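Worksheet: the structure to be examined is printed underneath.
Heavy atoms only: backbone and side chains are in, while hydrogens, waters and symmetry mates are out. Chain A is the first sequence line, chain B the second, and so forth, proteins listed ahead of strands; every chain is numbered from 1. Predicted model only: the values in this text are computed from it and were never measured.
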There are 2 protein chains.
Amino acid sequence: MQFNLDQSSARPVYQQIIDSIKREIALGRISKGQKLPTVRRLAAQLIINPNTIAKAYRQLESEGIISTRPGSGAFVAQLNSTLSHAVRQKIITEKIELLAVDAIHMQIGRPTLQTWLSDTLDRFQFTTAEPDNDSQPNPTSENPND
Amino acid sequence: MQFNLDQSSARPVYQQIIDSIKREIALGRISKGQKLPTVRRLAAQLIINPNTIAKAYRQLESEGIISTRPGSGAFVAQLNSTLSHAVRQKIITEKIELLAVDAIHMQIGRPTLQTWLSDTLDRFQFTTAEPDNDSQPNPTSENPND
DNA sequence: CTATTGTACTAGTACATATAGTACGCATTA
DNA sequence: TAATGCGTACTATATGTACTAGTACAATAG
């Protein structure tokens, strides 16, 4: 697992870790049941304090993204939002609004914006996003425990 | 001008003011040359410190969104980004990526996301975003540089 | 058992946010 | 010209967050 931290960024380090892990999952590079680096190991790799990693893991677990077990480690959980559809729509729509405002002020036109969104979605695992699930072969060493 | 501040939000107040003004402009409710509320007046209306408004105006001016003149007030500037196309694409694409990651983790499908984006864009002044300009009688130098 | 893992504290430093008060320079207007 | 309103700049203070540092504990794996 490879992370690119930007210590000079205004975005907090623990938030950058959250972003990175969620991105890896969304890209399909790590999938359900797979083990994440340990708190201390990832902290040593990134040369930051273990508490910062622990904070990121704590929040990821509260969001249901990962599942942690003392003694074992942290594992990627199922892609299963606990929020209602209405709440999810509200959250996403608000983010879309902020995006639209920025795009307008940068004079990005509607077709351009839609093209960029489409190009971005192509790079993610967006075919399996909704409750349907196709059987994709997974040759990686998966850990089927629940 | 009407603002909805959420003091309990994690988003800083001065940032909420910036968001609101940019949103009003993007929605076409206030347009170029129009006068914004004064620092002290808006502070009194929102019952917050004038320094907080001043900070928001300062940043809006640094982004080229508004133009301030001591003695006169603050005015909406032209919709004219000083950034190069490549930089703007990078900024917007990064925001799109974060949106896509969140959408995937909330199990929002691709067509749904595209529909929501389309619906949002309908509510904004998105027809005049790119090359064409509106019919406002404003004979100042419109300069779509880069 | 020992080693590893996530978790939970405390303490301290640094920075951002917001308020409070004061003062300055510029523009408008009476 | 004088008064007023305007944005700006500055200091000081209080609060919350981010991050580091260190320690300790409970659960798991071997």
Side-chain angles (χ1 to χ4, degrees), chain A residues 1 3-22 30 33-77 141-146, chain B residues 1 3-22 30 33-77:
Chain A
M1 188 117 38
F3 293 123
N4 294 335
L5 283 193
D6 180 6
Q7 290 282 4
S8 70
S9 167
R11 201 159 180 81
V13 173
Y14 84 97
Q15 189 64 57
Q16 293 184 47
I17 293 165
I18 293 171
D19 292 343
S20 298
I21 292 177
K22 289 176 75 169
I30 51 180
Q34 197 164 338
K35 191 176 189 297
L36 292 170
T38 70
V39 166
R40 292 172 178 81
R41 182 175 167 77
L42 186 52
Q45 176 190 328
L46 299 178
I47 321 178
I48 59 177
N49 195 281
N51 287 333
T52 303
I53 309 290
K55 180 172 185 177
Y57 279 15
R58 205 182 314 139
Q59 181 163 330
L60 281 169
E61 175 155 48
S62 79
E63 289 182 35
I65 308 287
I66 69 174
S67 163
T68 63
R69 286 200 304 270
S72 301
F75 303 86
V76 178
S141 58
E142 213 167 353
N143 209 350
N145 50 3
D146 274 283
Chain B
M1 189 121 34
F3 293 122
N4 294 335
L5 284 193
D6 180 6
Q7 289 282 4
S8 70
S9 166
R11 200 158 181 82
V13 174
Y14 84 96
Q15 189 65 57
Q16 293 183 47
I17 293 166
I18 292 172
D19 292 342
S20 297
I21 291 177
K22 290 175 75 169
I30 49 179
Q34 198 164 339
K35 191 174 188 300
L36 292 170
T38 71
V39 167
R40 292 172 178 82
R41 182 176 166 79
L42 186 54
Q45 175 189 329
L46 300 177
I47 321 179
I48 60 177
N49 194 280
N51 287 332
T52 304
I53 310 289
K55 181 173 184 176
Y57 278 16
R58 205 182 313 138
Q59 183 164 329
L60 281 169
E61 174 154 50
S62 79
E63 289 182 35
I65 308 288
I66 69 173
S67 164
T68 62
R69 287 198 303 269
S72 300
F75 303 86
V76 178

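- If you check C/dG6, D/dC6, C/dA18 against the side chain of B/Thr38, the one that comes closest is D/dC6.
- Between the CG atom of B/Asp19 and the CZ atom of B/Phe3 there is a distance of 10.5 Å, given to the nearest 0.5 Å.
- If you measure from atom NZ of B/Lys35 to atom P of C/dT28, you get 11 Å, rounded to the nearest angstrom.
- Interface residues of residues 44-55 of chain B facing DNA chain D, ordered by number: B/Asn51; criterion, heavy-atom separation under 4.0 Å.
- Here B/Lys35 contributes atom NZ and B/Ser72 contributes atom OG; the two are 8.0 Å apart, rounded to the nearest 0.5 Å.
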Which atoms of nucleotides 1-3 of chain D (N or O only) lie under 3.5 Å from a protein N or O atom, and what are those distances?
none

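- Between the NZ atom of B/Lys22 and the CD1 atom of B/Ile65 there is a distance of 5.0 Å, given to the nearest 0.5 Å.
- Rounded to an integer number of Å, the gap from A/Arg40 CZ to D/dT20 P is 16 Å.
- In this structure, the separation between CG on B/Leu60 and CD1 on B/Ile21 is 5.0 Å, given to the nearest 0.5 Å.
- Side-chain N/O atoms of A/Ser72 include one lying less than 4.0 angstrom from OP1 or OP2 on D/dA29.
- Over its length, the helix from C/dC1-D/dG30 to C/dA30-D/dT1 turns its helix axis by 30°, as judged from the five terminal pairs at each end, rounded to 10°.
- Atom CG of residue A/Leu36 and atom CD1 of residue A/Ile53 lie 11.0 Å apart, to the nearest 0.5 angstrom.
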Carefully, step by step, assess A/Phe75 and A/Arg69 under the rule side-chain contact (heavy atoms from CB on, under 4.5 Å).
CA-CA 8 Å; A/Phe75 303 86; A/Arg69 286 200 304 270; 3.7 Å; yes
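- What separates CG of A/Leu60 from P of C/dT7 is a distance of 11 Å, to the nearest Å.
- Taking atom CD1 of residue B/Ile17 and atom C1' of nucleotide C/dT19, one finds them 13 Å apart after rounding to whole Å.
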Test log, rule side-chain contact (heavy atoms from CB on, under 4.5 Å), inputs A/Ile17 and A/Ile48
CA-CA 11 Å; A/Ile17 293 165; A/Ile48 59 177; 3.9 Å; yes
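- Between the OH atom of B/Tyr14 and the P atom of C/dT17 there is a distance of 4 Å, given to the nearest Å.
- The shortest side-chain heavy-atom distance between B/Pro37 and B/Gln45 does not fall under the 4.5 Å cut-off.
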Apply the test side-chain contact (heavy atoms from CB on, under 4.5 Å) to residues B/Arg58 and B/Lys55: give CA-CA distance (whole Å), side-chain angles for both, the deciding distance (0.1 Å), then the verdict.
CA-CA 5 Å; B/Arg58 205 182 313 138; B/Lys55 181 173 184 176; 4.2 Å; yes
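- Proximity of B/Thr68 to the phosphate of D/dT8: a side-chain N or O atom is located under 4.0 Å from OP1 or OP2.
- To the nearest angstrom, C1' of D/dC6 lies 11 Å from OH of B/Tyr57.
- Residue B/Gln34 comes nearest to B/Ile30 through the heavy atom pair OE1-CA, 3.5 Å, listed as atom of the first residue, atom of the second, then distance.
- With rounding to the nearest 0.5 angstrom, the CD1 atom of B/Ile47 is 9.0 Å from the CD atom of B/Gln7.
- Around CZ of B/Arg11, the count of heavy atoms belonging to other residues, nucleotides or ligands within 6.0 Å exceeds 12.
- Taking atom CG of residue A/Asp6 and atom C1' of nucleotide D/dC19, one finds them 16 Å apart after rounding to whole Å.
- In terms of position along DNA chain D, the nucleotide closest to A/Gln7 lies nearer the 5' end than the nucleotide closest to the other residue of the pair A/Gln7 and A/Gly71.
- Contact annotation for A/Glu61: backbone-only contact, meaning every heavy-atom pair under 4.0 Å involves sugar-phosphate atoms and none involves a base.
- At whole-Å resolution of the value, CD in A/Gln59 and P in C/dG6 are 17 Å apart.
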